[in-house]
Amino acid sequence: MDALVQKTIAIPQMVISPTETVSYGFKAFEIEGLSKWNYQPSRNELVLQELRTDKRTVISSEDEGQTENRPEDHIVKHLIDKDEIDYFAHAEILYDLTSQVVAHMSTYLPSSEDIRNALVSHGKPIANAIFAQMQVNKWRTETNYKVTMHSSFDAMQLKPQAFGLDDEKNILDFRTPPASLKDIKKFVFNGFKKSCFWLARFDSDTERKMAELLEREPDVLLWMKPSMNQFHIQDQHGGQYLPDFVVETSTEKLILETKAANETNDAEVIRKAEAASLWCHIATKFHSEKNSDKPWRYVLVPHDQLLPNRTLQGLLSRFTRARYQIGTNISFHCLPWRQAIQQGKWRLGWRRGASTTPILSLQGGYSTKRSTGPVLRKR
């Protein structure tokens, strides 16, 4: 079944690619809220009983396997499972942070054995809590990105989206959740007034609730769930990112993502959020300002914040991810540049090897040798 196209949101058709390798690390810091952590040792034995035979098996914490050389290692072994952590590059900060945890535990646990037991029992959640704060204290070297603009926007009408249905009963009004939320992917929803398409499919009930919010917001003009090839966003590992929603309001355009609250600090989610916030920054600086179009922003909304009394403006004020701020060390290698100088918005610098391909220098995740030639820098 084809979803007939109603309206279109103009999306800049550009590809953003870094010119060299990522360079990043983590600043030293004191763990926030550590004094409130109260992880306790577990009981020494766990009894398992089979329901069918009543057979009992006793598992002792002493049987957990090889004991780590240092108590901190019970946390470090979980931290180095994170994609963004390299043991050899980040060992110093890892042991500094985990030593803070061990020192804190020694203030309320009576023995080293109790500390070891608590670390064995809770090493993974402790590592996750530390990693969430490491992300806040992450640093990146200056970045050059190559921006290739295929067209200022997709002037062609959006292609219809095709949905397969097993049963006509699987078409629901978007204000009606399915009886079993885990089956939501089996359903197609209709009844929209502001969607670019008449029909939509959601991956979760959180997405359906977001559609409800967008439909009732007076400031929202259009929204859609984009399909493949409408965005060219790559994260640092080269993975493609397709956002949940694209929204146009009376004043701006949004890339809007919903996520389970316990996943918002996952490494993959953060990589995609950083890539999308970078895309929004470049789309605003390179396309919107040049063409008098609306600015872009990226918003990552936890699922538990989509309550009936929430407004879009309230969510934007709390969950906008603005890693790249307006005026952040930007230089464009692009022509024509004389008009911008005449307008007094830019000044001219020089570097060797001028290029007609736009290059943006941003505070981000890569470093590169500077090419030179005429360069426009914002005043």
Same cluster (ILVMFWY, side-chain, under 4.5 Å), [X] and [Y]:
{"X": "Ile270", "Y": "Ile93", "value": "no"}
{"X": "Phe131", "Y": "Val136", "value": "no"}
{"X": "Val101", "Y": "Tyr87", "value": "yes"}

Exercise: identify the closest heavy-atom pair between [X] and [Y]:
{"X": "Phe29", "Y": "Met134", "result": "CZ-N, 3.8 Å"}
{"X": "Pro226", "Y": "Pro243", "result": "CG-O, 3.4 Å"}
{"X": "Leu300", "Y": "Thr264", "result": "CD2-O, 4.3 Å"}
{"X": "Ala276", "Y": "Ile233", "result": "N-CG2, 4.1 Å"}
{"X": "Cys196", "Y": "Leu222", "result": "SG-CB, 4.3 Å"}
{"X": "Ala261", "Y": "Asp304", "result": "CB-OD2, 3.5 Å"}

By side chain to side chain contact (heavy atoms under 4.5 Å, CB included) - contacts of [X] (at least two apart):
{"X": "Lys253", "result": "Ile9, Ala10, Glu248, Asp293, Lys294, Trp296"}
{"X": "Leu181", "result": "Pro177, Pro178, Asp205"}
{"X": "Ser112", "result": "none"}
{"X": "His78", "result": "Lys124, Ala127"}

What I'd like to find out is whether the side chain of [X] reaches to under 4.5 Å of the side chain of [Y], using heavy atoms alone.
{"X": "Asn38", "Y": "Tyr108", "result": "yes"}
{"X": "Ile80", "Y": "Leu94", "result": "yes"}
{"X": "Leu214", "Y": "Lys194", "result": "no"}
{"X": "Thr249", "Y": "Leu221", "result": "no"}
{"X": "Ile75", "Y": "Leu97", "result": "no"}
{"X": "Trp279", "Y": "Pro12", "result": "yes"}

Nearest 0.5 angstrom please: [X] [atom1] to [Y] [atom2], how far?
{"X": "Met210", "Y": "Leu256", "atom1": "CE", "atom2": "CG", "result": "4.5 Å"}
{"X": "Glu215", "Y": "Phe192", "atom1": "CD", "atom2": "CZ", "result": "6.5 Å"}
{"X": "Phe26", "Y": "Gln135", "atom1": "CZ", "atom2": "CD", "result": "5.5 Å"}
{"X": "Leu79", "Y": "Asp73", "atom1": "CG", "atom2": "CG", "result": "11.0 Å"}
{"X": "Leu316", "Y": "Leu254", "atom1": "CG", "atom2": "CG", "result": "5.5 Å"}
{"X": "Trp223", "Y": "Leu312", "atom1": "CH2", "atom2": "CG", "result": "13.0 Å"}

field: Summary of salt bridge (Lys or Arg N to Asp or Glu O under 4.0 Å) pairs that have at least one residue in residues 28-41, sequence neighbours excluded
entry: none
task: Mind running side-chain contact (heavy atoms from CB on, under 4.5 Å) on Ile255 and Val299 for me, showing each step along the way?
output: CA-CA 6 Å; Ile255 293 179; Val299 191; over 6 Å; no
Would the distance check show the side chain of [X] and the main-chain N or O of [Y] forming a donor-acceptor pair, the cut-off being under 3.5 Å?
{"X": "Ser121", "Y": "Ala118", "result": "no"}
{"X": "His104", "Y": "Gln100", "result": "no"}
{"X": "Asn265", "Y": "Ala132", "result": "no"}
{"X": "Ser111", "Y": "Asp114", "result": "yes"}

Partners passing salt bridge (Lys or Arg N to Asp or Glu O under 4.0 Å) against Glu268 (at least two apart in sequence or in another chain): Lys272
statement: Residues at least two apart in sequence or cross-chain that pass salt bridge (Lys or Arg N to Asp or Glu O under 4.0 Å) with Asp173, listed by chain then number, are Arg175
- prompt: If you draw the axis of the six-membered ring of Phe202, does the NZ or CZ of Lys185 fall within 45° of it and under 6.0 Å from the ring centre?
  reply: no
- prompt: salt bridge (Lys or Arg N to Asp or Glu O under 4.0 Å) between Arg208 and Glu212: does it pass, once the steps are laid out?
  reply: CA-CA 6 Å; Arg208 186 194 63 79; Glu212 281 191 285; 3.1 Å; yes
query: Going through the checks in order, is the salt bridge (Lys or Arg N to Asp or Glu O under 4.0 Å) test met by Arg116 and Glu113?
result: CA-CA 5 Å; Arg116 188 194 74 85; Glu113 180 57 30; 3.1 Å; yes
[X]: which residues meet the side-chain hydrogen bond (donor to acceptor under 3.5 Å, both in side chains) condition with it, sequence neighbours left out?
{"X": "Asp219", "value": "Ser250"}
{"X": "Tyr241", "value": "Glu257, Tyr298"}
{"X": "Lys82", "value": "Asn128"}
{"X": "Glu252", "value": "Arg297"}

Stepwise side-chain contact (heavy atoms from CB on, under 4.5 Å) check, Tyr95 with Val76: CA-CA 7 Å; Tyr95 280 102; Val76 170; 3.9 Å; yes
message: Once ring-ring contact (aromatic ring centres under 6.0 Å, His included) is applied, do any residues pair with His122, and if so which ones, sequence neighbours excluded?
response: Tyr39
- request: Take Lys209 and His303 through the test side-chain contact (heavy atoms from CB on, under 4.5 Å) and record every step on the way to the result.
  value: CA-CA 9 Å; Lys209 290 178 180 178; His303 81 285; over 6 Å; no
task: Give a yes or no on whether a salt bridge exists between Asp183 and Lys186, defined as a side-chain N under 4.0 angstrom from a carboxylate O.
output: yes
Stepwise side-chain contact (heavy atoms from CB on, under 4.5 Å) test for Ile282 and His287: CA-CA 7 Å; Ile282 295 177; His287 176 262; over 6 Å; no
field: Given Lys225, Lys259, Arg201, the one that forms salt bridge (Lys or Arg N to Asp or Glu O under 4.0 Å) with Glu207
entry: Lys225
query: How about Glu92: does its CD atom have over 12 heavy atoms from other parts shown lying under 6.0 Å from it?
result: no
